[in-house]
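Have a look at the structure below before the remarks.
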Amino acid sequence: MTAQGACPEGTDVAEITMPCEEGEYALDALWVQRVRDDGSYDEAEQLTDDECITPADLAAQARREFKTMKIEAPVATMQGNPPMIVNVHYPAYTSATAQDRTVTLLGVPVVIRADPAEFTWNFDDPYSGGDTLTTTDPGRPWHEGDPTPDKSWVGHTYSRLGTPGEDAGTAVDDNGNAYRTGVAVALTTTWQGRFRVQGTSTWTDIPGTITTTSTTGPTTVTEARTRLVCDDLDGNTVC
């Protein structure tokens, strides 16, 4: 950038480009021209020289940008139609994917990326002996034709409901089935940062992490009691 008044009348600006080595990026000199009280301008003043910078020179600013990056919390899903049934393993999964932000650091265009690295699920289940799960696996939904989800899937099995009348949300319906209402699953996603100069393919890690929290809508968990009946599904009496 050529500042007004940088050269005396009758002379021209001669731009000399500093050669930078591979992996370095040119940063132009910084000039400033101050405004006097009468509205006129002082002569331009050069504050810095042309220089070559490396990703290491951008690291501190990249870290600040990452810390203030607005990351959209991913959708968390606990698969299963309400009410959920005790002793059934329900898959849990998230849609988390990398998120980018483009900024300019020291005059250099830079891409800041947040990568989902770890997922901590809180299944809101204080009665089944452990209601949290931390994994690097985002999980996956069950589809028709898949094997029945088991404990190898990211997910949870509700095995107890609490004591009706004593524990909040737990009660007994008119048929004598215990149930618990207001069960909501929370997902904390931990994000790691990295950056690259725009137009290049080399990424540099950013120290530190950011977390986001996602919550599913409240649902109900209930018992499924086994009963003996004399009619089959076709309406035939069998006893």
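Sequence positions, counted from 1, serve as the residue numbers for this chain. Just so it is clear, the values below take in all heavy atoms, side chains as well, and ignore hydrogens, waters and symmetry mates.
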Do the non-hydrogen side-chain atoms of [X] and [Y] ever get within less than 4.5 Å of each other?
X: Pro55; Y: Phe195; value: yes
X: Leu58; Y: Leu106; value: yes
X: Phe119; Y: Asp137; value: no
X: Ile112; Y: Ile206; value: yes
X: Val221; Y: Ile85; value: no
X: Glu72; Y: Gln99; value: yes
X: Val183; Y: Met84; value: no

Considering only residues two or more places apart or on different chains, which pairs with a residue in residues 158-181 satisfy ring pair (Phe, Tyr, Trp, His ring centres under 6.0 Å)? His156-Tyr158

Minimum heavy-atom distance [X]-[Y], with the two atoms named:
X: Ile210; Y: Met69; value: CD1-O, 4.4 Å
X: Ala114; Y: Ile71; value: CB-CD1, 3.6 Å
X: Gln79; Y: Tyr90; value: O-CD2, 3.1 Å
X: Pro74; Y: Thr189; value: CG-OG1, 3.6 Å
X: Ser128; Y: Ser159; value: OG-N, 3.0 Å
X: Trp203; Y: Val111; value: CZ3-O, 3.8 Å

Can you confirm whether more than 12 heavy atoms, excluding those of Asp100, are under 6.0 Å from its CG atom? yes

Within a 6.0 Å radius of atom CG on Asp174, are there more than 12 heavy atoms belonging to other residues, nucleotides or ligands? no

Reported [atom1]-to-[atom2] distance for the pair [X] and [Y], which is rounded to 0.5 angstrom:
X: Trp121; Y: Met78; atom1: CH2; atom2: CE; result: 8.0 Å
X: His89; Y: Ser152; atom1: NE2; atom2: OG; result: 7.0 Å
X: Glu223; Y: Arg160; atom1: CD; atom2: CZ; result: 10.5 Å
X: Thr188; Y: Glu118; atom1: OG1; atom2: CD; result: 10.0 Å
X: Trp153; Y: Arg140; atom1: CH2; atom2: CZ; result: 3.5 Å
X: Ser40; Y: Gln33; atom1: OG; atom2: CD; result: 9.5 Å

Is there a donor-acceptor pair closer than 3.5 Å between any side-chain N or O of [X] and the backbone N or O of [Y]?
X: Lys151; Y: Thr157; result: no
X: Asp146; Y: Trp142; result: no
X: Thr216; Y: Val185; result: yes
X: Ser95; Y: Val75; result: yes
X: Asp167; Y: Thr170; result: no

Are Leu161 and Tyr127 linked, directly or through other ILVMFWY residues, by side chains that come within less than 4.5 angstrom of each other? no

Results of side-chain contact (heavy atoms from CB on, under 4.5 Å) for Thr104 - residues two or more places apart only: none

Taking distance alone, no hydrogens or angles, what donor-acceptor pairs closer than 3.5 Å link side-chain atoms of residues 59-66 to residues at least two apart or in another chain?
from, atom 1, to, atom 2, distance (Å)
Glu65, OE1, Arg101, NH1, 3.4
Glu65, OE1, Arg101, NH2, 3.2

Distance-only side-chain donor-acceptor flag, Trp191 / Thr211, under 3.5 Å: no

Please determine whether a side-chain nitrogen of the Lys or Arg among Arg194 and Asp205 lies less than 4.0 Å from a carboxylate oxygen of the Asp or Glu. no

Show, in sequence, the C-alpha distance, side-chain angles and deciding distance for Val110 and Thr102, and conclude whether the side chain to side chain contact (heavy atoms under 4.5 Å, CB included) test is met. CA-CA 6 Å; Val110 170; Thr102 301; over 6 Å; no

Quickly, which of Leu105, Val108, Thr204 forms a side-chain contact (heavy atoms from CB on, under 4.5 Å) with Val197? Name it, please. Val108

Can you check side-chain hydrogen bond (donor to acceptor under 3.5 Å, both in side chains) on Thr120 and Thr134, steps first, answer last? CA-CA 4 Å; Thr120 297; Thr134 299; 3.0 Å; yes

